[in-house]
Amino acid sequence: MTSRKSFKSRIRTRMDKTGESYTAARRQLLAHIPATATAPDATDPSGTAPVLPATAPAPPAPAGTSAGAAEQIERIADPLLRERTGRDWQEWFGLLDAVDATGLTHTEIARWLVTVHEVPGWWAQTVTVGYEQARGLRRPGQRRDGGYSAGGSRTVGVPVERLFAAFANETLRARWLPGVEVRLRTATPPRTYRADWAGGPTRIVAGFTAIGPTRSRVAVQHEKLTGAEQAAELKAYWRDRLAALKQLLEADGDAQ
C-alpha cells in the first residue's frame with residue numbers, strides 16, 4: 001500500500017511539473033522504471049522497494065472472484081515462473097499493484113513486462129492474464145474486451161519446424177486433429193499459424209518456440225468464443241488434442 005501511495009505521489013509531482021494528465025504522467029513514469037525494480041517507492045533512495053520474500057504465499061484473489069481465477073497461478077508453479085521470468089507470482093503481483101496496473105489495458109501490461117523487464121512474450125502474456133484474473137479484471141477464459149478465448153500449450157520433443165508442420169500440413173494435421181476443417185489466414189513458418197476454425201466465426205492462433213534443436217513448444221489460443229461455457233469446453237478439448245499431438249510426434253520423430 002505504501003508503494004502504491006508513493007508512486008501516485010510521483011505521478012502528481014510530474015503532473016505539476018509538466019502539465020500532463022494523470023494517465024499521461026503515469027505512463028511516462030512506467031516507461032522509465034528500471035528492469036531491476038520491484039516497486040517504485042519515493043521513500044526508498046534507490047527508487048525501488050524491497051523484494052518480496054520468495055517463500056511468501058501468492059496474494060489472494062479479491063472477494064467475489066471466482067475460484068477459477070486462481071487456475072493460471074496454480075497451473076504454473078512459482079519455481080517455473082521464477083526460472084522463466086526472474087520473479088514468482090507474489091513478486092509480480094506486488095510490482096504490478098505498485099504501478100496501478102489495474103488501470104492499464106492487457107496490451108499495455110504485457111508490453112511493459114516485455115520492454116521494461118525483458119520478460120519473453122509468451123511469459124509476459126501468462127503473467128498478465130494471471131494478474132488480471134486474480135484482480136477480478138477478467139473471468140477465466142474471458143478477454144479484457146469482454147470476449148472469450150481458450151487454449152493450451154505443450155512442449156514436444158521434436159524440432160520447431162516439425163511442430164509447425166503438424167498444423168500447416170493438412171495430412172499430418174488430420175492425424176491428431178481429425179474431422180476439423182480449418183482455413184488458413186496467415187502463417188509465418190515456423191513461428192505463427194492463424195486459421196479460421198470449422199468455417200468460423202471462431203479462429204485459432206498458434207505460436208511456436210524452439211527450446212533447442214530437438215525440443216519446441218506450441219501455444220494455441222482459440223478466439224472469438226461465445227461465452228464461458230464454450231471456453232471451458234474448448235480448453236478441455238485443446239488439452240486433449242495437444243496431448244495427442246505430443247504423443248504422435250514423439251512416436252514418429254522426424255518422419256514425414
Side-chain angles (χ1 to χ4, degrees), residues 71-72 75-77 80-81 83-85 106-107 109-111 113-115 118-130 140-141 143 147-225 230-256:
E71 188 171 307
Q72 184 89 333
R75 182 172 63 87
I76 299 175
L80 176 59
L81 189 68
E83 176 188 343
R84 299 302 173 87
T85 70
H106 175 92
T107 300
I109 296 173
R111 183 185 297 124
L113 289 169
V114 171
T115 58
E118 299 181 349
V119 178
W122 189 87
W123 287 99
Q125 294 290 336
T126 297
V127 172
T128 301
V129 171
R143 300 168 64 90
Y148 284 81
S149 64
S153 61
R154 277 281 175 170
T155 297
V156 186
V158 296
V160 68
E161 293 81 7
R162 177 63 171 165
L163 188 55
F164 175 85
F167 283 75
N169 183 287
E170 184 175 355
T171 301
L172 180 55
R173 186 175 64 241
R175 296 179 61 191
W176 66 276
L177 204 62
V180 176
E181 174 193 355
V182 300
R183 184 171 64 248
L184 177 66
R185 295 173 64 90
T186 62
T188 304
R191 294 169 54 193
T192 60
Y193 180 88
R194 294 176 171 83
D196 291 325
W197 180 262
T202 68
R203 65 190 181 196
I204 60 170
V205 180
F208 307 86
T209 305
I211 298 177
T214 60
R215 295 180 71 230
S216 53
R217 184 177 185 85
V218 59
V220 179
Q221 277 293 107
H222 201 138
E223 302 176 337
K224 294 186 174 296
L225 307 184
Q230 186 183 28
E233 292 175 353
L234 283 170
K235 181 172 184 178
Y237 173 83
W238 280 109
R239 183 186 302 116
D240 176 75
R241 289 299 85 208
L242 292 177
L245 170 64
K246 177 181 175 69
Q247 182 178 16
L248 171 68
L249 293 186
E250 292 184 348
D252 283 359
D254 287 331
Q256 299 297 319

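Here the structure is a predicted model, which means the values were calculated and not measured.
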Identify each donor-acceptor pair in which a side-chain atom of residues 200-208 lies under 3.5 Å from a protein atom, sequence neighbours left out, and give them as a table.
{"residue": "Thr202", "atom": "OG1", "partner": "His222", "partner atom": "NE2", "Å": "3.0"}
{"residue": "Arg203", "atom": "NE", "partner": "Glu223", "partner atom": "OE1", "Å": "3.0"}

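His106 has its side chain within reach of Val129: a pair of non-hydrogen atoms, C-beta onward, lies under 4.5 Å apart.
Judged purely by atom type and a 3.5 angstrom limit, Ser216 uses its side chain to pair as donor or acceptor with the backbone of Val158. Gln230 places no side-chain N or O within 3.5 Å of a backbone atom of Leu225 that could act as its donor or acceptor partner. Judged purely by atom type and a 3.5 angstrom limit, Arg241 uses its side chain to pair as donor or acceptor with the backbone of Trp176.
For Thr155, the side-chain contact (heavy atoms from CB on, under 4.5 Å) criterion is met by Ile211, Arg215, Arg217, not counting sequence neighbours. Trp197 pairs by the side-chain hydrogen bond (donor to acceptor under 3.5 Å, both in side chains) definition with nothing, not counting sequence neighbours.
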Pair Ile76, Trp123 - check side-chain contact (heavy atoms from CB on, under 4.5 Å), show working. CA-CA 10 Å; Ile76 299 175; Trp123 287 99; 3.7 Å; yes
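Leu242 contributes atom CG, which lies 9.5 Å from atom OH of Tyr237 (distance to the nearest 0.5 angstrom). For the atom pair CG of Leu184 and CZ of Arg194, the computed distance is 10.5 Å after rounding to the nearest 0.5 Å. To the nearest 0.5 Å, the span separating CH2 on Trp238 from CD on Gln221 amounts to 10.5 Å.
Gly157 and Glu250 make their closest contact through N-OE2, 2.8 Å (heavy atoms, listed as atom of the first residue, atom of the second, distance). Between Tyr193 and Ala168 the shortest heavy-atom distance is CE1-CA, 3.8 Å. Across all non-hydrogen atoms, the minimal contact from Thr171 to Asn169 is N-OD1, 3.1 Å. For Gln125 against Ala110, the heavy-atom pair with the smallest separation is NE2-CB, 3.8 Å. Phe164 and Thr192 make their closest contact through CE1-O, 3.3 Å (heavy atoms, listed as atom of the first residue, atom of the second, distance). When all heavy atoms of Ala219 and Ser153 are compared, the pair lying nearest together is CA-CB, 3.9 Å.
Of the options Leu163, Leu172, Leu177, a side chain to side chain contact (heavy atoms under 4.5 Å, CB included) to Leu245 is made by Leu163 and by none of the others.
No more than 12 heavy atoms of other residues, nucleotides or ligands shown are found within 6.0 angstrom of CZ on Arg111.
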